[in-house]
Amino acid sequence: MTQALDVNERISELDCSEAKGAPTAVTTTATLTTSKFATFAITFGIAFAILYTVLERLNWPLFTYHPAVGKIDFWMQRPRSGEGPPMYWYGWLALAFPVAALVGWIATLVSTRALFCATIFCCALAALWPGAFEVWSYLDDRSKFDTDVVQSIIWMSAIPGLAGAVAVTYLIPVEWTERVWTRLLLIMPIGGLMVLTFSLRSYFLR
Amino acid sequence: MDAIVEFIQGRLFWRILLFLHFSMAVTLLVAVTLQAISVLMPTRQLAIGNFIERVRPVPPKTVAALIVILYVPTFLLGCWVYIKYRTYVRIPMEQFGHWWTVGTFEVKEHVMSFGMALLPAYWWFWRDPLSTDFTRERKWLTLFLAFAVWYAFIVGHTANDFRGVGS
């Protein structure tokens, strides 16, 4: 019993010393950016979440696989009569993984400041572009029946999206980005999942 | 591939693959659940006492490595079995109007893909589990992976119940 109490006292002392010398967000991020693998891994995780969500929403697979006939077509191919259902998921993965790895590798080469600015720009663009698209297509009634209008809105909404992303990158201090950098590792996949699940709502509302 | 399929009768081949996928998924589920418990209820001293207290202090670095090692082949095996799901399971599912099962399975693809992309960072953060740095990152990444694996397991099991091993 006495030994147990001693242990508890020592643990409480340890806790206090840890609290006094607790690392701040900036020092821990500095630890991260000195490790090339950590920079790669975090950038890869963030970049993959954005890329995968964008590729899925735009339906841009690297290839289309037709499992019933065992055939592979480059890029996106619509279902063809007698060839069964096409599969795009492999194509999204085959494009998102290497591109995210490339982005992660580039992140290890650039300066810390450039990395944080690029990260916040891409994350802001990923949020603002689809946001602008949703608002625009909601306001334009033609988008309900005209697919050409929808296509044009997708590209036109890039303009406010880009402008907003530039403004966010300019206005947000690098120190703030430094603090939230590792949090983006979870925020982006969760945001991506929300977007993708929302896009599947037709399955859940039938 | 064709030679293997011909050697083992086609349907049996897919059932073996599905069973392997299931077995690995169960092992992964145990590992990730143990680690999720350990990050949610960390212990401060060697555990003595009941089962729950002894389960909590699992060696975190080893378990993290095990989770990465199990996650990748389970995911790849799932990718392979997915071919059969798309042609043999999903079409009747749609014909019978099981839209919720189809929709939740679509979400499963996305959840597992995101989990796969988080593995390098997850492994890196767990390299030094005793460090006070990155405690929050370790916790939330582990919880995300635990959610992904549990979700995939439940949804995959539901799809298997519709048309799979033993159904």
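Chain identifiers are assigned alphabetically (A, B, ...) following the order of the sequence lines, protein sequences preceding nucleic acid strands; residue numbering begins at 1 within each chain. For clarity, every value in this text was computed on a predicted model and none was experimentally measured. In what follows, every heavy atom counts, from backbone to side chain, and hydrogens, waters and symmetry copies are set aside.
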Centres of the A:Trp60 and A:Tyr88 rings: under 6.0 Å? no
A:Leu196 versus A:Glu56: any side-chain heavy-atom pair under 4.5 Å? yes
Would you check if B:Leu18 and B:Leu77 make a side-chain contact, meaning some heavy-atom pair closer than 4.5 Å? no
Would you say the ring centroid of A:Trp89 lies under 6.0 angstrom from that of B:Tyr82? yes
Which donor-acceptor pairs under 3.5 Å do side chains of residues 102-119 of chain A form with protein atoms, sequence neighbours excluded?
unit_1   : atom_1 : unit_2   : atom_2 : d
A:Thr108 : OG1    : A:Trp105 : O      : 2.4
A:Ser111 : OG     : A:Ala114 : N      : 3.2
A:Thr119 : OG1    : A:Leu115 : O      : 2.6

Got B:Met24 and B:Pro73 here, is their nearest side-chain heavy-atom distance under 4.5 Å? yes
Go through A:Phe44, A:Tyr90, A:Phe40 and name the one with the most non-hydrogen pairs under 4.5 angstrom from chain B. A:Tyr90
Against chain A, label B:Leu118 side chain, backbone, both or neither, depending on which of its atoms sit under 4.5 Å from a heavy atom there. side chain
Please state whether the side chain, the backbone, both or neither of B:Thr104 comes within less than 4.5 Å of a heavy atom of chain A. both
Within the structure provided, determine whether B:Leu66 and B:Thr62 are in side-chain contact (heavy-atom separation under 4.5 Å). no
Using non-hydrogen atoms and a 4.5 Å limit, figure out which bit of A:Tyr52 sits close to chain B: side chain, backbone, both or neither. side chain
Which residues in residues 185-193 of chain A have any heavy atom lying under 4.5 Å from a heavy atom of chain B? A:Leu185, A:Leu186, A:Pro189, A:Ile190, A:Gly192, A:Leu193
Contact class of B:Ile91 relative to chain A, heavy atoms under 4.5 angstrom: side chain
Quick one: which of B:Gly103, B:Gly97, B:Gly115 has the most heavy-atom pairs under 4.5 Å with chain A, could you say? B:Gly103
Worked verdict on B:Leu119 versus B:Leu145 for side chain to side chain contact (heavy atoms under 4.5 Å, CB included): CA-CA 9 Å; B:Leu119 287 182; B:Leu145 287 181; 3.9 Å; yes
Hey, which residues of residues 91-98 of chain A are touching chain B, say heavy atoms under 4.5 Å apart? A:Trp92, A:Leu93, A:Phe97
Tell me whether the NZ or CZ atom of A:Arg201 lies within the 45° cone about the ring axis of A:Phe198 and under 6.0 Å from its centre. yes
Over 60° means perpendicular and under 30° means parallel, so tell me whether B:Phe153 and B:His157 are parallel, tilted or perpendicular. parallel
What do the steps show when you test B:Trp123 against A:Phe37 for ring-ring contact (aromatic ring centres under 6.0 Å, His included), and what is the final call? CA-CA 11 Å; B:Trp123 176 82; A:Phe37 183 79; 5.7 Å; yes
Please tell me whether B:Trp99 and A:Ser202 have a donor and an acceptor in their side chains that are separated by less than 3.5 angstrom. no
Looking at B:Phe162, B:Phe105, B:Tyr88, which hits side-chain contact (heavy atoms from CB on, under 4.5 Å) with B:Met93? B:Phe162
Check: A:Ile46 and A:Cys123 side chains under 4.5 Å, non-hydrogen atoms: yes
Engaged part of B:Arg127 at the chain A interface, taking heavy atoms whose separation is under 4.5 Å: neither
Cationic N near anionic O, under 4.0 Å, B:Glu94 to B:Arg90: yes
From A:Thr177, A:Ile172, A:Thr169, residue fulfilling side-chain contact (heavy atoms from CB on, under 4.5 Å) relative to A:Phe121: A:Thr169
Considering only heavy atoms and a distance below 4.5 Å, find which of A:Ala101, A:Gly84, A:Pro85, A:Ala100 pairs most often with chain B. A:Pro85
Heavy-atom contacts under 4.5 Å, residues 73-82 of chain A to chain B: none
Report, as yes or no, whether the 6.0 Å neighbourhood of atom CE on A:Met156 holds more than 12 heavy atoms from other residues, nucleotides or ligands. no
